[in-house]
Amino acid sequence: MHKFSGFQFDPKSGQLTNLVNSEVVRLRYKLIQLLAYLISHQDRVVTKQELLDELWEQGQYRESSLSQSILELRKALGDSASAPNYIRTVPNRGYQWISPTASQSSDSPSGINKRLKAIIMATGLLVVLLIIGWWLVNRSATQAPKMEKLTQQNLQGSYRVLVLPFANRTGSNSMNWVEYGLSDMLADDLGIFKPLQVLAPGDINSALLERPYSVNRLQALLKAQSVDVIINAGIELKLQQQILNYQLIYAEKSSDFRELKRQDLAVSMPELATEIYRQLRPDTDQPALSGYDFTASAMHDYARGIQALQSEGCILAQHYFSASLQIDHQHIWSELYAGVCQLHLGNWNAATETLLHLTKNQHETQLLGTAYYWLAVLNFRRGQLQRSTQQLNMSSKATGQRIHGKLVGKISQLRQKIDRVQAGKSDESLVPDQQLGLEVPLFSTEPGVSNQDFAVLNQQLRSRGHKLALFNLLVEHGTQRSLSFVERDSSLSRAVAIMRQLQQPYDLALILTLRANYALVSQNAQALSYLSQARQIAEQLSAKPLQREVSFYLRIAKLRAALQDSYDNPVFRAKVLLQQIQPDALTGHKLQLYKQASLWIAAAETD
């Protein structure tokens with residue numbers, strides 16, 4: 001255990017704690033290695049070559065990766081290269097740790113006491129997770145969105161498989177990336193086998209499904225998601241080998257747990273996917289998947305990027321994808337998700353360039369289908385509906401006649417949105433369009449989570465750092481009509497704050513619009529402020545459909561504000577604003593809001 005200015009670092013667990021605010025600073029594995037090495041050799045300058053030899057595998061982009069890692073580590077510590085407090089750059093030589101550091105054995109009495117407390121806390125947490133897991137899986141059986149049941153006839157023998165997030169049982173936080181990163185890799189590789197339609201963890205908002213699972217709970221989830229089999233797995237470390245311990249869950253039975261041992265599970269994933277596929281479909285004769293051509297460390301950073309994308313968002317994830325590309329510029333999936341991050345962070349021109357480059361230079365069907373889908377999303381947001389439809393067709397064509405599990409729902413949703421906009425109808429499903437998040441109706445009529453369940457889930461997701469899942473939970477809670485306006489607005493306010501942290505402007509504009517809608521219904525004067533912010537974002541992005549959505553609500557908000565003025569003929573001004581709206585094109589909530597505005601004016605005329 002090392003203590004230095006404002007921080008405590010445990011090299012065994014990889015945990016870096018900010019002692020000022022008691023928050024854990026999350027570091028990827030390479031940064032943990034780098035920090036531990038610099039501290040353990042603080043008595044001297046460590047050359048770049050020594051760091052490369054000790055911590056990096058051979059590869060063309062090692063030096064760039066080292067520079068990027070030093071930059072990330074300084075950022076995590078709040079350090080500066082020009083005025084360093086922790087890491088000093090020695091020109092033409094290397095780096096030196098310069099912060100006075102006190103070290104103690106993790107086996108000291110205090111260390112043992114802390115571990116004992118951790119064990120006690122973990123035991124209590126396990127009990128809580130058992131309760132949450134029961135509630136969530138049973139809730140998902142009744143409330144999860146129903147997917148069309150795919151039969152042998154309508155998909156020519158398609159077999160639906162759901163891969164759950166892997167449990168990290170290694171005892172090391174540095175291996176947390178296996179949760180989504182490694183499970184996503186398995187889902188991708190299984191999806192190559194034509195009879196399978198594979199759903200990855202992100203396709204079902206699985207961050208809300210806490211472990212441990214019982215077979216009964218998983219069978220309830222299997223029924224709710226209309227899948228044929230669930231893969232439930234965990235990762236362990238034994239004798240310097242990584243072990244994938246997995247179980248297949250069917251509607252009426254479950255298999256025994258099986259172990260697949262490899263030196264590096266990520267590198268061996270095509271081989272593992274082939275073995276699991278042959279267990280799923282022993283009656284078929286499919287050739288084994290060929291191995292990856294990518295550099296191993298590039299694949300690890302890609303997996304960490306997927307983990308970050310699922311939990312903490314694009315700001316962190318983009319650095320991992322960038323590091324992966326620096327190590328191996330042929331890692332096309334890192335390039336794809338770098339483009340997806342550019343889209344979500346508002347860099348639409350850069351995202352277009354990245355995604356178009358992939359469609360012109362790659363032939364892998366899964367990647368092409370995904371790249372065309374995100375291009376379709378971009379063009380929908382720009383209001384280029386014909387081009388968006390064409391790219392959705394290209395996405396479907398790229399994946400062949402069978403429907404790919406990770407794209408079918410998203411393609412269908414986007415087609416429906418395009419159809420509504422082309423028909424001139426009001427968009428009743430305007431929600432933050434998270435890449436991997438839960439779709440929540442704009443005006444929910446579902447009972448949703450209870451306040452007690454919400455409080456427990458809220459605490460769990462905050463402690464785990466799952467910002468996207470927490471955002472979705474807050475939106476779901478904030479759209480429940482059974483709650484008071486104050487309760488709903490409190491949840492939506494926190495959702496807005498999270499989206500500001502994630503720095504995803506389009507999604508921020510959507511959640512601001514959502515919050516403004518409830519403010520309008522409750523006659524809260526803040527609606528005008530929220531909508532003004534949303535309009536500014538939509539204009540900056542040139543997001544034309546969103547501009548039109550915001551403009552409607554902005555007129556209603558201005559109308560309400562005009563009626564609250566005590567001068568300058570407020571009723572006349574309100575009527576002018578109302579006349580700018582065409583009621584024949586309105587449906588659902590918008591039509592109700594229009595009628596409510598008419599009643600506001602009528603009431604003001606009688607005063």
Side-chain angles (χ1 to χ4, degrees), residues 57-61 156-159 161 163 166 177-178 180-201 229 231 233 235 241-244 246 248 258-306 320-321 324-338 357-372 395 397-407:
E57 301 172 15
Q58 294 296 324
Q60 184 178 357
Y61 297 93
Q156 301 177 344
S158 177
Y159 193 72
V161 179
V163 180
F166 293 167
W177 59 271
V178 305
Y180 287 104
L182 208 57
S183 58
D184 193 85
M185 291 175 69
L186 175 62
D188 280 336
D189 282 355
L190 282 175
I192 296 173
F193 292 105
K194 290 185 178 180
L196 301 186
Q197 184 189 25
V198 184
L199 300 176
V229 61
I231 299 177
I235 306 299
Q241 279 196 316
Q242 298 176 359
I243 301 172
L244 175 67
Y246 72 96
L248 304 181
R258 295 193 179 190
E259 287 187 352
L260 296 175
K261 300 179 181 180
R262 298 294 187 276
Q263 199 74 27
D264 190 320
L265 290 173
V267 173
S268 306
M269 190 53 69
E271 182 182 344
L272 303 177
T274 300
E275 191 163 339
I276 292 173
Y277 170 72
R278 287 173 176 168
Q279 184 184 354
L280 288 169
R281 304 301 299 268
D283 55 326
T284 59
D285 184 22
Q286 285 275 3
L289 298 180
S290 57
Y292 294 136
D293 295 327
F294 308 127
T295 304
S297 54
M299 291 163 52
H300 295 160
D301 277 334
Y302 165 77
R304 292 185 181 96
I306 294 296
Y320 288 120
F321 297 133
S324 176
L325 285 169
Q326 287 179 340
I327 296 168
D328 186 347
H329 67 282
Q330 296 294 331
H331 199 285
I332 52 178
W333 283 95
S334 288
E335 185 176 358
L336 171 70
Y337 281 108
H357 174 263
L358 286 168
T359 62
K360 293 176 181 177
N361 294 279
Q362 297 298 331
H363 304 287
E364 185 176 331
T365 58
Q366 286 177 278
L367 183 134
L368 279 175
T370 308
Y372 275 122
S395 179
K397 182 179 179 181
T399 55
Q401 295 299 315
R402 72 189 184 98
I403 303 175
H404 194 275
K406 297 184 72 175
L407 292 178

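- Taking the ring pair (Phe, Tyr, Trp, His ring centres under 6.0 Å) definition, one finds that Tyr277 meets it with Phe193, sequence neighbours left out.
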Practice problem: Report the C-alpha separation of Val198 and Leu186 in whole Å, then their side-chain angles, then the decisive distance to 0.1 Å, and conclude whether the side-chain contact (heavy atoms from CB on, under 4.5 Å) test is met. | Solution: CA-CA 10 Å; Val198 184; Leu186 175 62; over 6 Å; no
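- The two residues Ala200 and Ala187 come nearest to each other via the heavy atoms CB-CB, 3.8 Å.
- If you take CG on Leu182 and CZ on Phe166, they are separated by 5.5 Å, rounding to the nearest 0.5 Å.
- When all heavy atoms are compared, the tightest approach of Ala371 to Thr359 is CB-CG2, 3.9 Å.
- The two atoms that bring Ile327 and Ser297 nearest to each other are CG2-OG, 3.3 Å, heavy atoms only.
- His329 and Glu335 share no donor-acceptor pair across their side chains, judged by distance under 3.5 Å alone.
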Practice problem: Dump the intermediate steps for side-chain contact (heavy atoms from CB on, under 4.5 Å) on Met299 and Met269, then the final yes or no. | Solution: CA-CA 11 Å; Met299 291 163 52; Met269 190 53 69; 6.0 Å; no
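- For the atom pair CG of Leu367 and CG of Leu336, the computed distance is 5.0 Å after rounding to the nearest 0.5 Å.
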Practice problem: Check step by step if side-chain contact (heavy atoms from CB on, under 4.5 Å) holds for Thr365 and Ile192. | Solution: CA-CA 9 Å; Thr365 58; Ile192 296 173; over 6 Å; no
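- The aromatic rings of His331 and Tyr302 are tilted relative to each other, their planes meeting at an angle between 30° and 60°.
- For the pair Arg258 and Glu275, the minimum side-chain heavy-atom distance is 4.5 Å or more.
- Side-chain contact check for Gln242 versus Gln263: every heavy-atom pair is 4.5 Å or farther apart.
- Under the ring pair (Phe, Tyr, Trp, His ring centres under 6.0 Å) criterion, Tyr246 pairs with no residue at all, not counting sequence neighbours.
- Remark: Glu259 engages Lys238, Ile243, Asn245, Lys261 in a side-chain contact (heavy atoms from CB on, under 4.5 Å) (not counting sequence neighbours).
- Remark: side-chain polar atoms of Ser324 are paired, donor with acceptor, to backbone N or O of Ala298 under 3.5 angstrom.
- Leu358 and Leu368 get closest at one heavy-atom pair: O-CD2, 4.0 Å.
- Closest non-hydrogen pair, Leu289 versus Asp189, comes out as CD1-O, 3.5 Å.
- For Glu271, the side chain to side chain donor-acceptor pair (under 3.5 Å) criterion is met by Arg262, not counting sequence neighbours.
- From Leu325, atom CG reaches atom CH2 of Trp333 across 13.5 Å, with rounding to the nearest 0.5 Å.
- The CZ atom of Phe294 sits 8.0 Å away from atom OG of Ser334, with the distance rounded to the nearest 0.5 Å.
- A donor-acceptor pair is defined here as one N or O able to donate and one able to accept, closer than 3.5 Å; no such pair exists between the side chain of Gln197 and the backbone of Val161.
- Tyr292 and Asp328 form no side-chain donor-acceptor contact under 3.5 Å, judged by distance and modelled atom types alone.
- Within the model, atoms CE of Met185 and CG of Leu272 stand 9.5 Å from one another, a figure rounded to the nearest 0.5 Å.
- Residues that satisfy the side chain to side chain donor-acceptor pair (under 3.5 Å) test with Trp177, not counting sequence neighbours, are absent from this structure.
- Expressed to the nearest 0.5 Å, how far CG of Asp184 lies from CD1 of Ile306 amounts to 5.0 Å.
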Exercise. Please lay out, stage by stage, how Arg304 and Asp301 fare under the test side-chain contact (heavy atoms from CB on, under 4.5 Å).
Key: CA-CA 5 Å; Arg304 292 185 181 96; Asp301 277 334; 3.4 Å; yes
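- Ser183 pairs by the side chain to side chain donor-acceptor pair (under 3.5 Å) definition with nothing, not counting sequence neighbours.
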